[in-house]
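In what follows, a single structure is set out as structure tokens and then discussed.
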Amino acid sequence: MSILLDLRQAVIHKVHDQDEQQLRSMIEGSVDGPEAALPGLGVMFEMIWKDMKEAEQADLISSLHDHLKTVTPGQLVPQ
């Protein structure tokens with residue numbers, strides 16, 4: 001009998017019992033890492049986003065918007 005998990009469930013299952021240092025290592029290992037890690041980061045972002053207050057979401061969007069002004073498509077770090 002096989003068990004099928006959707007992506008969100010699989011990511012949450014993988015990180016559920018990790019401590020803060022393990023979570024940090026997972027995130028840092030995924031940032032600028034293989035593209036296969038991006039969906040996992042998206043799931044983690046979604047969990048954080050849902051718990052943020054509207055003002056925190058607005059601050060995050062503003063920060064992202066400001067960062068996007070400093071990069072060009074195809075470039076991940078500001079010049």
Side-chain angles (χ1 to χ4, degrees):
M1 177 176 164
S2 67
I3 298 175
L4 298 176
L5 296 175
D6 70 22
L7 179 61
R8 285 179 181 91
Q9 291 172 339
V11 170
I12 292 168
H13 179 76
K14 182 177 179 177
V15 300
H16 185 264
D17 292 323
Q18 292 187 0
D19 62 29
E20 289 182 12
Q21 183 55 43
Q22 290 171 311
L23 288 171
R24 175 179 284 278
S25 293
M26 185 275 301
I27 292 168
E28 289 176 347
S30 298
V31 171
D32 293 329
E35 287 191 11
L38 294 178
L41 289 175
V43 171
M44 304 296 279
F45 176 80
E46 179 183 63
M47 291 183 345
I48 293 167
W49 181 264
K50 286 180 175 181
D51 286 341
M52 292 177 119
K53 294 180 170 93
E54 226 176 284
E56 294 170 319
Q57 290 175 342
D59 288 344
L60 182 60
I61 294 298
S62 179
S63 178
L64 177 59
H65 184 256
D66 290 345
H67 182 78
L68 287 170
K69 292 178 190 175
T70 68
V71 296
T72 57
Q75 170 197 11
L76 292 177
V77 292
Q79 291 189 17

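Nothing fancy with the numbering, it's 1 onward along the sequence.
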Would you mind listing every ring pair (Phe, Tyr, Trp, His ring centres under 6.0 Å) that reaches into residues 14-37, with sequence neighbours excluded? none
For the residue pair K14 and M26, establish whether any side-chain heavy-atom pair is separated by less than 4.5 Å. no
Who are the salt bridge (Lys or Arg N to Asp or Glu O under 4.0 Å) partners of D19, not counting sequence neighbours? none
Is there a chain of hydrophobic side chains (I, L, V, M, F, W, Y, each step under 4.5 Å between heavy atoms) that links F45 to V43? no
Identify, with sequence neighbours excluded, every residue that meets side chain to side chain donor-acceptor pair (under 3.5 Å) alongside E20. none
Those residues that, when tested against E35, pass salt bridge (Lys or Arg N to Asp or Glu O under 4.0 Å) (two or more places apart): none
I'd like to check the side chain to side chain contact (heavy atoms under 4.5 Å, CB included) partners of D66; sequence neighbours left out, ordered by chain and number. S62, K69
Distance (rounded to the nearest 0.5 Å) between D59 CG and L64 CG: 12.5 Å
Side chain proximity check, I12 to M47, heavy atoms < 4.5 angstrom: yes
Summary of side chain to side chain donor-acceptor pair (under 3.5 Å) pairs that have at least one residue in residues 36-58, sequence neighbours excluded: R8-E46
Single-linkage hydrophobic cluster, 4.5 Å side-chain cutoff, I61 and M52 together: yes
When every non-hydrogen atom of L7 is compared with those of P39, the smallest separation belongs to CD2-CB, 3.6 Å
May I ask whether V31 and L38 are part of the same hydrophobic cluster, defined by side-chain heavy atoms of I, L, V, M, F, W, Y residues being less than 4.5 angstrom apart, directly or through others? yes
